[in-house]
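Below is one structure, written out as structure tokens, with a few remarks after it.
To find a chain, count down the sequence lines: A is the first, B the second, and so on, and within it residues start at 1.
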Amino acid sequence: MWIRSTLTYRASFVMTVLGNVLLTGLDFVAILLMFSQVDTLGGYTLPEVAFLYGLSVVSFGLAHLAFGPVGDLGRRVRDGTLDMLLVRPAPMLAQVAADRFALRRLGRFLQGLLVLGYALASVDVDWTAPKLLLMPVTVVSGAAIFAAVFVAGAAFQFVTQDASEVQNAFTYGGTTLLQYPPTVFGKELVRGVTFVLPLAFVNWLPASYVLGRPYPLRLPQWVAFTPPLVAVGCCALAGLAWRAGLRSYRSTGS
Amino acid sequence: MGAGRLYVAVAVGSFRRYATYRAATAAGVFTSTVFGLILVYTYLALWDERPHLGGYDQAQAVTYVWLGQALFAALAIQGGGFENEFMERIRTGDVAIDLYRPADLQLWWLASDLGRALFQLLGRGVLPFAFGALVFPVALPDDPLVWGAFLGAVLLGAVVSFAIRYLAALSVFWLLDGAGMLQMVMIAGLFCSGMTLPLNVFPGEFGEIVRALPWSSLLQAPADVLLGQADPVGTYLFQGAWAVALLAAGRLLQSAATRRVVVQGG
């Protein structure tokens with residue numbers, strides 16, 4: 001229904017998708033501007049950074065397309081419209097995720113695909129069967145990891161209500177972080193996003209294998225193939241958090 | 001005299017209104033700090049490759065990042081101030097009531113937005129900046145006069161930011177839907193203010209054009225005053241000229257809108 005309503009205003013739809021491509025592309029323009037001044041950043045060349053960027057934004061774009069609106073949960077808790085969803089015979093998470101399903105968010109995904117396409121065409125890699133196979137696995141796992149972050153963040157909003165910006169730090173902040181090489185960041189930060197909030201599995205680790213780069217934190221080679229396991233673990237934890245949040249939910253009662 | 005008191009009261013009310021959202025403010029501080037961390041590391045990597053890029057040394061580049069985080073909400077760099085409410089009032093026709101009131105529409109919203117800006121500067125700006133200054137090597141002036149000059153540039157930046165968003169909001173008189181315009185405000189604000197990358201790093205003529213646009217009053221101008229890269233008087237003249245020009249354009253557009261456009265609603 002939301003898709004049909006969006007497509008009704010065709011010109012407006014095309015404009016907002018283009019606007020979204022432009023808006024989400026700003027951070028890549030910033031990277032291009034940086035590379036107009038330097039040849040490498042943290043030891044990575046432009047195609048390599050574009051590769052990291054593409055993987056991060058495509059995964060994030062998919063998760064955002066499917067679960068973006070759950071970030072708005074705090075508003076529903078505050079104004080009481082969550083109660084309306086509770087009495088409907090459909091899973092709560094599906095309802096919140098499908099709410100105001102905005103196809104214009106396709107812009108982010110498309111822009112990521114564009115950059116990833118450029119990166120794959122220009123990056124200097126000896127493609128082998130495992131490397132090729134790892135690509136789709138990485139994208140799907142990365143999307144699942146970001147989806148878990150979205151859902152866990154929403155579960156957190158059952159408690160905090162108007163602190164939705166904390167979620168932005170992990171979702172938008174996470175995808176921004178992953179657009180740059182791990183060599184750029186301090187060790188503590190890299191440790192945090194590997195072992196605590198495992199964003200490193202979205203692209204840094206598989207990309208290190210594909211690009212033949214030293215692994216962050218000197219992790220063993222085989223961890224590049226673990227993103228699916230990490231993704232399943234993250235989704236299970238996020239599911240638990242969501243159920244706990246939903247159970248603790250008390251209506252505003254006003 | 002009485003009119004002046006009215007606008008102060010509007011500003012104070014707006015300040016207090018934003019001050020009530022404590023959890024949202026705390027969340028904003030957290031998010032600004034996280035984004036500041038990410039940016040600082042990328043800037044450090046960039047300045048590692050090219051020391052003195054754009055005339056900044058590493059400490060100045062780091063300071064620039066935390067200034068951006070501190071001013072981001074106060075100067076509504078990607079929007080998110082009074083304009084959402086104002087656009088909604090235009091769309092629904094409530095603006096007709098506002099036009100009957102014995103107060104100037106533009107000054108009313110300016111006062112309200114400045115109250116908001118002051119709260120955001122104190123509530124959301126000071127803590128991330130203090131965190132950045134304590135954890136990373138920064139370049140801060142000792143001279144209180146420079147800090148004073150910096151605050152003056154921030155105030156002028158807030159007025160320019162308001163004037164831009166006022167113009168954008170007035171477009172709703174003709175467009176009825178402000179979503180696209182808000183997106184444009186967001187894109188221009190993030191990119192042309194120097195939020196994504198300092199404008200002095202932008203290469204060649206492209207850089208010169210971006211630096212001449214009004215958005216450079218928002219972040220680049222106050223930052224350069226604080227970092228000792230720009231003369232305060234010249235900066236004020238640049239910001240002031242844009243403020244006057246944009247506010248005047250807002251007045252013109254407003255009178256055109258109220259004269260020619262039929263207000264929505266019954």
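- In this structure, B/Ala27 and A/Val166 approach most closely via the heavy-atom pair CB-CG2, 3.5 Å.
- Atom CG in B/Leu46 sits 9.0 Å away from atom OH in A/Tyr180 (nearest 0.5 Å).
- Of the two parts of A/Phe170, only the side chain, counted from C-beta on, holds a non-hydrogen atom closer than 4.5 Å to a non-hydrogen atom of chain B.
- Looking at every heavy atom in both residues, A/Gln37 comes nearest to B/Val201 through NE2-O, 2.5 Å.
- Scanning both residues, A/Leu33 and B/Pro203, for their nearest heavy atoms gives CD2-CD, 3.5 Å.
- In this structure, the portions of A/Thr40 lying under 4.5 Å from any heavy atom of chain B include both its backbone and its side chain.
- Within 6.0 Å of the OH atom in B/Tyr21, the count of heavy atoms belonging to other residues, nucleotides or ligands does not exceed 12.
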In a table with atom names and distances, give each donor-acceptor pair under 3.5 Å that connects a side chain of residues 118-126 of chain B to protein atoms at least two apart or in another chain.
residue: B/Arg124; atom: NH1; partner: A/Glu165; partner atom: OE2; Å: 2.8

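- Between A/Phe185 and B/Tyr41, the angle of the ring planes goes over 60°, which puts this pair in the perpendicular group of the 30/60° scheme.
- Residue A/Phe156 places its CZ atom among 12 or fewer non-hydrogen atoms of other residues, nucleotides or ligands, all under 6.0 Å distant.
- Residue B/Leu197 comes nearest to A/Met34 through the heavy atom pair CD1-CE, 3.6 Å, listed as atom of the first residue, atom of the second, then distance.
- The greatest number of non-hydrogen atom pairs below 4.5 Å with chain A, out of B/Thr25, B/Leu37, B/Leu39, B/Ile187, is found for B/Ile187.
- A distance of 9.0 Å separates OG1 in B/Thr42 from CD1 in A/Ile31, rounded to the nearest 0.5 Å.
- Highest contact tally toward chain B, considering only A/Leu41, A/Val29, A/Thr183, is held by A/Leu41 [criterion: heavy-atom pairs under 4.5 Å].
- Taking CD from B/Gln78 and CG from A/Leu26, the interatomic distance works out to 10.5 Å, rounded to the nearest 0.5 Å.
- In terms of heavy-atom pairs under 4.5 Å with chain B, the best-connected choice from A/Gly186, A/Ala30, A/Gly42 is A/Gly186.
- Considering CD1 of B/Ile38 and OG1 of A/Thr176, their distance stands at 5.5 Å, rounded to 0.5 Å.
- For the side chain to side chain contact (heavy atoms under 4.5 Å, CB included) test, residues two or more places apart in sequence or in another chain that qualify with B/Leu182 are B/Glu83, B/Asn84, B/Met87.
- Separation of atoms CE (B/Met184) and CG (A/Leu22) is listed at 6.5 Å; rounding is to 0.5 Å.
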